[in-house]
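In listed order, ligands and their atoms are each counted from 1.
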Amino acid sequence: MAAPKYLTGDKAGIDEFLDRFEVFLFDCDGVLWSGDHLFPRIPETIDMLRKKGKQLVFVTNNSTKSRADYKKKFDKMGISAKEEEVFGSSYSAAIYISRILRLPAPKNKVFVLGETGVEQELQSENVPYIGGTDPSYRREVENSDYTSIADESALDPDVGIVLAGLDFHPSYLKYSLAMAYLRRGAKFLATNIDSTLPNAGSLFPGAGATTAPLILASGQEPLALGKPSQAMMDAIEGKFQFDRSKACMIGDRLNTDIQFGIEGKLGGTLCVLTGVSKKEEFLAEGVAVVPGAYVDQLGDLLR
Ligand SMILES: O=C(O)[C@H](O)[C@H](O)COP(=O)(O)O
Ligand SMILES: [Mg+2]
């Protein structure tokens, strides 16, 4: 495995690197920002790539926001981006359910463990759902719940899918209902299973962490539709029509972003050290996932 090229401060190296690619797939959390903290020179770097005529796609595993929500966040942070350029794991899951899985109605209803981003994208694909941000699920479990879940009288007969994403409001009731739906044969999907979420320069429990109790209790593993899933890469290629050899994935996490680019046979991958993965993780001998190049921060591409 070739050693990754360190580009920070390397003017000629950066020019050569940027000239190799026509398309850049951008991760968001840990690359552009850490929660509401925008990293230095991000809007200028994005503008520089646009001026060079590069095609940009924002590929995030963060399912708590929809494409429309991301457009608002980009605007708030002064980043020039279009809603159509966003491809999140919640959208990836919604189109997988509506266009690939295509369960016959009415048994195509989804029980959601997650936030509004998942709900909005299911709505955009006319996929019925329950659960999610519905406040009636954010309550203590009562004795009657055990009986009504066990005898399935509490279950919606049309639920055929359980979809789990990053959930900031997990509850024992939601886990118990989801487990009962899986026991009854519902398909188990996840937007993503990242273990941690970068925010405020630190790390917090990620989607994988909020889904883990259901995986353990049900004894089932979900099909994850976010990075590094190649179903997501195929959908992105289908939507944005680009030559993979001329595309580069930029991310902060080895086992999602960089693996996604490598398994997707993209022309290159760039790791940014402002998020989850540290350079020691890919500079060590014999590691499986190694980026083609790396920088301390994305703004280093802007000389
Ligand atoms: O837990 C999560 O969902 C992830 O940490 C978060 O979504 C990562 O987002 P990304 O870095 O792919 O933008
Ligand atoms: Mg990230």
Among all protein heavy atoms, pick the one closest to [atom] and tell me residue, atom and distance.
{"atom": "atom 5 (O) of ligand 1", "answer": "Thr196 O, 2.6 Å"}
{"atom": "atom 1 (O) of ligand 1", "answer": "Ala207 N, 2.8 Å"}
{"atom": "atom 6 (C) of ligand 1", "answer": "Asp29 OD2, 3.5 Å"}
{"atom": "atom 2 (C) of ligand 1", "answer": "Asn192 ND2, 3.4 Å"}
{"atom": "atom 13 (O) of ligand 1", "answer": "Thr60 OG1, 2.6 Å"}

Any nitrogen or oxygen of [X], main chain or side chain, under 3.5 Å from a nitrogen or oxygen of ligand 1?
{"X": "Asn62", "answer": "yes"}
{"X": "Asp27", "answer": "yes"}
{"X": "Leu166", "answer": "no"}

Shortest non-hydrogen contact from [X] toward [Y]:
{"X": "Phe74", "Y": "Trp33", "result": "CE2-CH2, 3.7 Å"}
{"X": "Val287", "Y": "Phe282", "result": "CG2-O, 3.6 Å"}
{"X": "Leu7", "Y": "Ala293", "result": "CD1-CB, 3.8 Å"}
{"X": "Arg41", "Y": "Asp300", "result": "NH2-OD1, 3.5 Å"}
{"X": "Leu225", "Y": "Ser92", "result": "O-OG, 2.7 Å"}

Exceeds 12 heavy-atom contacts within 6.0 angstrom, atom [atom1] of [X]:
{"X": "Lys265", "atom1": "NZ", "result": "no"}
{"X": "Lys246", "atom1": "NZ", "result": "no"}
{"X": "Lys187", "atom1": "NZ", "result": "no"}

Q) Is the ring centre of Tyr129 less than 6.0 Å from the ring centre of Phe111? A) no
Q | Step-by-step side chain to side chain contact (heavy atoms under 4.5 Å, CB included) determination, Phe168 to Leu197 | A | CA-CA 11 Å; Phe168 295 135; Leu197 169 74; 4.2 Å; yes
Check ligand 1 against [X] and write out every atom of the ligand that is under 4.0 Å from a heavy-atom position of the residue.
{"X": "Gly206", "answer": "1 (O)"}
{"X": "Cys28", "answer": "13 (O)"}
{"X": "Leu197", "answer": "5 (O), 6 (C)"}

Q) So which protein N/O/S atoms does the Mg ion (ligand 2) have within less than 2.8 Å? A) Asp27 OD2, Asp29 O, Asp252 OD1
Q: Could you tell me whether Arg253 approaches ligand 1 through its side chain, its backbone, both or neither, with non-hydrogen atoms closer than 4.0 Å?
A: neither
Q) Given Asp167, Asp194, Ile193, which one has a non-hydrogen atom that is nearest to atom 4 (C) of ligand 1? A) Asp194
Q. Is there a donor-acceptor contact under 3.5 Å linking the side chains of Glu121 and Ser90?
A. no
Q.
Between Ser80 and Asp47, is the side-chain hydrogen bond (donor to acceptor under 3.5 Å, both in side chains) condition met? List the steps.
A. CA-CA 7 Å; Ser80 62; Asp47 290 345; 2.9 Å; yes
